[in-house]
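Everything below concerns the one structure shown next.
These numbers come from a predicted model, not from an experiment. Each chain gets a letter, A, B and so on, in the order its sequence line appears, and its residues count up from 1.
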There are 2 protein chains.
Amino acid sequence: MIRLSTKGRYGARLMLNLAHHYKNGNEAVILKSVSDEEEISIRYLEQIVIPLKINRLVKSIRGAGGGYTLARHPSKIKLSEILHALEGSCCLVECVEDSDFCSRMGICATYEVWKKASDLLKDYFGNITLQDLIEISNRKNTKIKAKSKSKNN
Amino acid sequence: MIRLSTKGRYGARLMLNLAHHYKNGNEAVILKSVSDEEEISIRYLEQIVIPLKINRLVKSIRGAGGGYTLARHPSKIKLSEILHALEGSCCLVECVEDSDFCSRMGICATYEVWKKASDLLKDYFGNITLQDLIEISNRKNTKIKAKSKSKNN
DNA sequence: CTTATTTTAACATAAATATATAGAAATTAT
DNA sequence: ATAATTTCTATATATTTATGTTAAAATAAG
Ligand code: FES
Ligand code: FES
């Protein structure tokens, strides 16, 4: 019913990929490698990475040996920041952040509901960092490995 | 960052409008009146009301004197049902309900997060009925009246 | 120091989907 | 019959999603 745009979805995976390869902030990852690993069109990734750069979530290093790297340690980057950079606003409906959007705010009962739901999401995504995602990812992968191992034996 | 489509937004207001005029289920409201009161294009409302009818949330009465009315008492219609009817699925990303959508589900760490966020919303909207919205609306309006009265005195 | 290579950056375009409007046929009450 | 109203179908516009093409910057090699 509510759609996270592909930008937000792909952007989160792009950032998680950079986080996986994050060492000290100096080693850059080229988009081609993200594109291959995440199976997302490189042309589209190029567009998605721009707002991430503008919002200082990634650093770009041009030229040979260059690429992109996280601007900060994964534990210092919240999912809400990524989504905010990519989708502009952080709410289900425009009127929650732009009071001019809807002239009916004063009397609109649905507004209250969209507002609270937006806050729910904001809280949830505000408490998840890239580091958390890495840990979820690791847990998931070790589980898979364990599974396939027990199958083979 | 996450957008509730206009269908969902307008649909919720359409349903709330019908709820306001709900008597016993026999008195129909014409879309023109909803269109005027809610300031939504009548042509667009016509399209939005169809899935609501298919999902048996409203009843239509054709011909002169006809219109639309809620299929059940406002307290028996959940917001989640309305959104489900209008947006098809009830989740932030397709992969949550359609496992074929994303081939990476098994290893995708972001999936877990979208899934939990979807559940948060599902729970929230599943606990709000049209009756609740009516009450929110009434509280809001009496507040406004009280305010404008105190201004005039 | 010059040239070739790697990579980001910028711009343009195409395809798909969401949003919105328009017209007319079908149904019903009076 | 006539007027009111839903229902169906078509079309226009805007936005999102995705691909392609070229230019600019930085590095590496000779
Ligand atoms: S105030 Fe924007 S939908 Fe009600
Ligand atoms: S985004 Fe669909 S499984 Fe990760």
Check your understanding: Taking N and O atoms by type only, does the side chain of Arg62(A) place a donor or acceptor under 3.5 Å from a partner on the base of dA9(C)?
Key -> no
Check whether any side-chain nitrogen or oxygen of [X] sits under 4.0 Å from OP1 or OP2 of [N], and answer yes or no.
{"X": "Ser41(B)", "N": "dA20(C)", "answer": "no"}
{"X": "Lys53(A)", "N": "dA9(C)", "answer": "yes"}
{"X": "Tyr10(B)", "N": "dT19(C)", "answer": "no"}
{"X": "Thr6(B)", "N": "dT19(C)", "answer": "yes"}
{"X": "Ser60(A)", "N": "dT8(C)", "answer": "no"}

Are [X] and [Y] close enough that a side-chain donor and a side-chain acceptor fall under 3.5 Å?
{"X": "Glu87(B)", "Y": "Ser5(B)", "result": "yes"}
{"X": "Ser33(B)", "Y": "Asp36(B)", "result": "no"}
{"X": "Tyr44(B)", "Y": "Ser35(B)", "result": "no"}

Practice item. Nearest-nucleotide wise, let me know which of Gln47(A) and Gly63(B) is further upstream toward the 5' end of DNA chain D. Key: Gly63(B)
Check your understanding: Which comes earlier along DNA chain D counting from the 5' end, the contact point of Lys7(A) or that of Ala64(A), where each point is its nearest nucleotide?
Key -> Lys7(A)
Between [N] atom [atom2] and [X] atom [atom1], what is the distance in whole Å?
{"X": "Leu14(B)", "N": "dT6(D)", "atom1": "CG", "atom2": "P", "answer": "11 Å"}
{"X": "Ile50(B)", "N": "dA10(D)", "atom1": "CD1", "atom2": "C1'", "answer": "13 Å"}
{"X": "Lys59(B)", "N": "dT5(D)", "atom1": "NZ", "atom2": "C1'", "answer": "17 Å"}
{"X": "Ile30(B)", "N": "dA29(C)", "atom1": "CD1", "atom2": "P", "answer": "16 Å"}
{"X": "Ile42(A)", "N": "dG20(D)", "atom1": "CD1", "atom2": "P", "answer": "12 Å"}
{"X": "Leu45(B)", "N": "dT21(C)", "atom1": "CG", "atom2": "C1'", "answer": "13 Å"}
{"X": "Arg43(A)", "N": "dT19(D)", "atom1": "CZ", "atom2": "P", "answer": "10 Å"}
{"X": "Glu46(B)", "N": "dA10(D)", "atom1": "CD", "atom2": "P", "answer": "16 Å"}

Exercise for review: Look at the side chain of Tyr68(B) and decide which nucleotide, out of dT7(D), dA12(C), dA20(C), has an atom nearest to it.
Suggested key: dT7(D)
Check your understanding: With the 4.5 Å side-chain cut-off for hydrophobic clustering, are Ile134(B) and Ile82(B) part of the same group?
Key -> yes
Practice item. Considering only NZ, NE, NH1 and NH2 on the basic side and carboxylate oxygens on the acidic side, decide whether Glu81(A) and Arg72(A) come within less than 4.0 Å. Key: yes
